[in-house]
Engineer: 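To start, I am sharing the structure in question, which I have written as structure tokens.
Just so it is clear, the structure is predicted and the values come from calculations on it, not from any experiment. No hydrogens, no waters, no symmetry mates; every other heavy atom, side chains included, goes into these values.
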Amino acid sequence: KKMKKILTTTVLAATLLTSLNAGDKFGDLTKDYLDITASTNVKKVIAQDPNTSKQTLELLTEDSNKEVRAFARENLK
């Protein structure tokens, strides 16, 4: 479990560092990563970030967590 947390943190940090364009943040996250690896708390942060890419927000509108879905829908407006 600790290794998964470290991996998740590392992947998220790498994503943050490589996302330099506003509105395109987290644009390279895959559905598999969001469904399997990312924690609900990480997905909530991504769904609420005003610079998260539209593609990623659209993926999050189909998340299993209702709060993540709601945050993503709101951020798409």
Engineer: Looking only at heavy atoms, which two atoms of Leu57 and Ala72 are closest? And how far apart?
Structural biologist: O-CB, 3.5 Å

Engineer: Hey, is the main chain of Ala38 close enough, under 3.5 Å, to the side chain of Thr8 for a donor-acceptor pair?
Structural biologist: no

Engineer: To check you understand the geometry: which heavy-atom pair defines the closest contact between Leu29 and Leu34, and what is its length?
Structural biologist: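 Minimum heavy-atom contact is CD1-CD2, 4.0 Å.
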
Engineer: Between Glu62 and Arg69 (salt bridge meaning N to carboxylate O under 4.0 Å), is one present in this structure?
Structural biologist: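 No, Glu62 and Arg69 are not salt-bridged.
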
Engineer: Do Leu59 and Val42 share a hydrophobic cluster (ILVMFWY, side-chain heavy atoms under 4.5 Å, transitive)?
Structural biologist: yes

Engineer: Measuring from Glu74:CD to Thr61:OG1, what's the distance to the nearest 0.5 Å?
Structural biologist: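 Between atom CD of Glu74 and atom OG1 of Thr61 there are 13.0 Å.
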
Engineer: About how many Å separate CG of Asn65 and OG of Ser39, when rounded to the nearest 0.5 Å?
Structural biologist: 10.5 Å

Engineer: From Met3 CE over to Ile6 CD1, what is the distance, rounded to the nearest 0.5 angstrom?
Structural biologist: 6.0 Å

Engineer: What distance separates Ser53 OG from Asp28 CG, expressed to the nearest 0.5 Å?
Structural biologist: 8.5 Å

Engineer: Determine whether Leu76 and Val68 fall in the same hydrophobic cluster, where Ile, Leu, Val, Met, Phe, Trp and Tyr are linked whenever their side-chain heavy atoms lie under 4.5 Å apart.
Structural biologist: no

Engineer: Rounded to the nearest 0.5 Å, what's the gap from CG on Asp49 to NZ on Lys44? Could you check?
Structural biologist: 16.0 Å

Engineer: Hydrophobic cluster membership, with links at side-chain heavy-atom distances under 4.5 Å among I/L/V/M/F/W/Y: are Leu7 and Phe26 in one?
Structural biologist: yes

Engineer: Give, for atom CG of Asn75 and atom CD of Gln48, the distance between the pair rounded to the nearest 0.5 Å.
Structural biologist: 8.5 Å

